[in-house]
Asker: 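Structure incoming, see below.
Residue numbers begin at 1 in each chain, while the letters A, B, ... track the order of the sequences. Every heavy atom of this structure was used, including side-chain atoms; hydrogens, water molecules and symmetry mates were not.
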There are 2 protein chains.
Amino acid sequence: MSFPKPIEDLITQFMKYPGVGRKTAERFVFHTINKLDNESVKEISKALIDLKEDINYCQVCNNLTDKEICYICANEKRDESLILIVESPKDVFSIEETSQYKGLYHVLNGVLSPSDGIGPEELNLKSLWNRVAEKKVKEIIIATSSTQEGETTALYIKRVLQDTDLTVSRIGSGLPVGLNLEYADQLTLTKAIENRRKI
Amino acid sequence: MSFPKPIEDLITQFMKYPGVGRKTAERFVFHTINKLDNESVKEISKALIDLKEDINYCQVCNNLTDKEICYICANEKRDESLILIVESPKDVFSIEETSQYKGLYHVLNGVLSPSDGIGPEELNLKSLWNRVAEKKVKEIIIATSSTQEGETTALYIKRVLQDTDLTVSRIGSGLPVGLNLEYADQLTLTKAIENRRKI
């Protein structure tokens, strides 16, 4: 047996989300029925539609924005000689939360992964080369993940830019702050030792 | 700093769901942006609205249904001399999944809980007394949870019905099937010994 159709339909919809199995989807649906009034449900429904309609990609850096150009690229106080390259818009927001970085960003929307058919053409690299050609940039910081794909992507960008005057750097890699040494994996420890700094 | 408004709005909406904190809500929103096309998002949005519009309570047993009377009450093959009392519509579906019970249901929509201000008036008890007054029912099985509130509710119903000819029973309580004895808590073990049966 199964639930009445409107319940089954919403269960199916919730199961489209990552980490949401049948049981969790059922819980969400019963929560919708029992705890949310009509007004709240209309708000959720509207927020979903609005998101898809209003959110698009910044024409400069490819970050998510509800304008043509994101509020970071539009901010004249940011240092336009610095571009930090990240994989996804979420990474931009993570770095912005530190309130330490004052340059601009460039969002690749992915990393090179030949086995998944993702080559340089699939990433937002063309717009990066265009930005570099404008000559305002002096340093490129590559902040792709510390995974094999992230490293490959970083090396690829470094190689393309090697004949320019740009400084190309890679974010530091090592022991996360606050992590006890005994809990670090071997690769992280190896990197941390390689990247040792004089104090 | 925070995300653009349409993103923040949907994060707030997702956080209305049980077990969904800020990080999970963010993950859901980015999944909506990156992995779901416009068509999918419209489907989710519609399923939410449809659920609230089409789902209501069965006029007989108070189960959830998209008709006036739920498919269980409407099924003439069910044994109308038996009513099984549960706390929520979800319990009905759990019991239906066993395919063993052939009687009808009555959904209380809660349990007695004086500390939360839930007295007999707040539960669907009046409609139960009406059903009992119709004289078709011979046995009432009380299947509220094995919690203090569930037991209090069962006792209350038992007391109201004690001067009728009805058989009032309580579902069995004891060791869950498949559970190793050593993992059972003391109360469950005590109940299991109390409820021993000759074999």
Asker: Is B:Glu139 atom CD crowded by more than 12 heavy atoms from other residues, nucleotides or ligands, each under 6.0 Å away?
Answerer: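 Check passes, neighbour count above 12.
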Asker: Count the heavy atoms of every other residue, nucleotide or ligand shown that sit under 6.0 Å from CG of A:Asp185, and state whether that count exceeds 12.
Answerer: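 Yes - once you tally the heavy atoms of other residues, nucleotides and ligands closer than 6.0 Å, there are more than 12.
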Asker: For residues A:Val92 and A:Val60: do they belong to one hydrophobic cluster (side chain heavy atoms under 4.5 Å, members Ile, Leu, Val, Met, Phe, Trp, Tyr)?
Answerer: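 No, because A:Val92 and A:Val60 fall into different hydrophobic clusters, even though each may have its own neighbours under 4.5 Å.
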Asker: Shorter than 4.5 Å, heavy atoms on both sides: which option in B:Val41, B:Asp50, B:Asn109, B:Asp54 has the most such pairs with chain A?
Answerer: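 Counting heavy-atom pairs under 4.5 Å, the top option is B:Val41.
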Asker: Quick one: of A:Asn38, A:Thr24, A:Thr12, A:Asp9, who has the most non-hydrogen atom pairs under 4.5 Å with chain B?
Answerer: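 Most heavy-atom pairs under 4.5 Å with chain B: A:Asn38.
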Asker: With a 4.5 Å limit on heavy-atom distance, are the side chains of B:Pro4 and A:Tyr71 in contact?
Answerer: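 SC-SC contact between B:Pro4 and A:Tyr71 ruled out.
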Asker: Take atom CG in A:Asp165; do more than 12 heavy atoms of anything else shown fall under 6.0 Å from it?
Answerer: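 No - once you tally the heavy atoms of other residues, nucleotides and ligands closer than 6.0 Å, there are 12 at most.
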Asker: Would a 4.5 Å heavy-atom cut-off, applied to side chains only, mark B:Phe3 and A:Pro89 as touching?
Answerer: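 No; the side chains remain at least 4.5 Å from each other.
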Asker: Do A:Val111 and A:Ile83 belong together in a cluster built from hydrophobic side chains that touch within less than 4.5 Å?
Answerer: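 In one cluster with A:Val111: A:Ile83, no.
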Asker: Determine the interplanar angle of the A:Tyr17 and B:Phe28 rings, folded into 0 to 90°, and report it as parallel if under 30°, tilted if 30 to 60°, perpendicular if over 60°.
Answerer: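 Tilted, since the angle between the ring planes falls between 30° and 60°.
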Asker: Could you grab the distance from atom CG of B:Leu51 to atom CD of A:Glu8, nearest 0.5 Å is fine?
Answerer: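 Going from the CG atom of B:Leu51 to the CD atom of A:Glu8 covers 11.5 Å.
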Asker: Same hydrophobic cluster for A:Trp129 and A:Val168, using side-chain heavy-atom links shorter than 4.5 Å among ILVMFWY?
Answerer: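 Result: yes, single cluster for both.
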Asker: Measuring heavy-atom distances to chain B, does A:Ser88 have an atom under 4.5 Å in its side chain, in its backbone, in both, or in neither?
Answerer: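 For A:Ser88, neither part sits under 4.5 Å from chain B.
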Asker: When hydrophobic residues are tied together by side-chain contacts of less than 4.5 Å, even through go-betweens, does A:Met15 share a cluster with A:Ile7?
Answerer: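 Yes, same cluster.
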Asker: Which bit of B:Glu26 is near chain A, if near means a heavy-atom gap under 4.5 Å: side chain, backbone, both or neither?
Answerer: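 Both parts, backbone and side chain.
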Asker: Which one, B:Thr65, B:Asp66, B:Asp37, B:Val29, leads in non-hydrogen pairs under 4.5 Å with chain A?
Answerer: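 Result: the option with the highest number of such pairs is B:Asp66.
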Asker: Using a cut-off of under 4.5 Å for heavy-atom pairs, which of B:Val20, B:Leu64, B:Leu10, B:Ile49 has the most such pairs with chain A?
Answerer: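 The answer is B:Leu10.
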Asker: Compare all side-chain heavy atoms of A:Ile33 with those of B:Tyr57 and state whether any distance is below 4.5 angstrom.
Answerer: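 Counting from C-beta outward, A:Ile33 and B:Tyr57 do come under 4.5 Å.
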Asker: So, the side chain of B:Lys52 versus the backbone of A:Leu36: is there a donor-acceptor pair under 3.5 Å, distance only?
Answerer: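 Present.
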Asker: Pair A:Gln13, B:Lys46 - check side chain to side chain contact (heavy atoms under 4.5 Å, CB included), show working.
Answerer: CA-CA 10 Å; A:Gln13 296 301 334; B:Lys46 186 175 176 310; over 6 Å; no
Asker: Consider only side-chain heavy atoms of I, L, V, M, F, W and Y, link residues closer than 4.5 Å, and tell whether B:Leu155 and B:Leu128 are in one cluster.
Answerer: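 B:Leu155 and B:Leu128: separate clusters.
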Asker: Run the side chain to side chain contact (heavy atoms under 4.5 Å, CB included) check on A:Lys35 and B:Lys16 step by step: do they pass?
Answerer: CA-CA 9 Å; A:Lys35 309 277 171 173; B:Lys16 288 180 181 170; over 6 Å; no
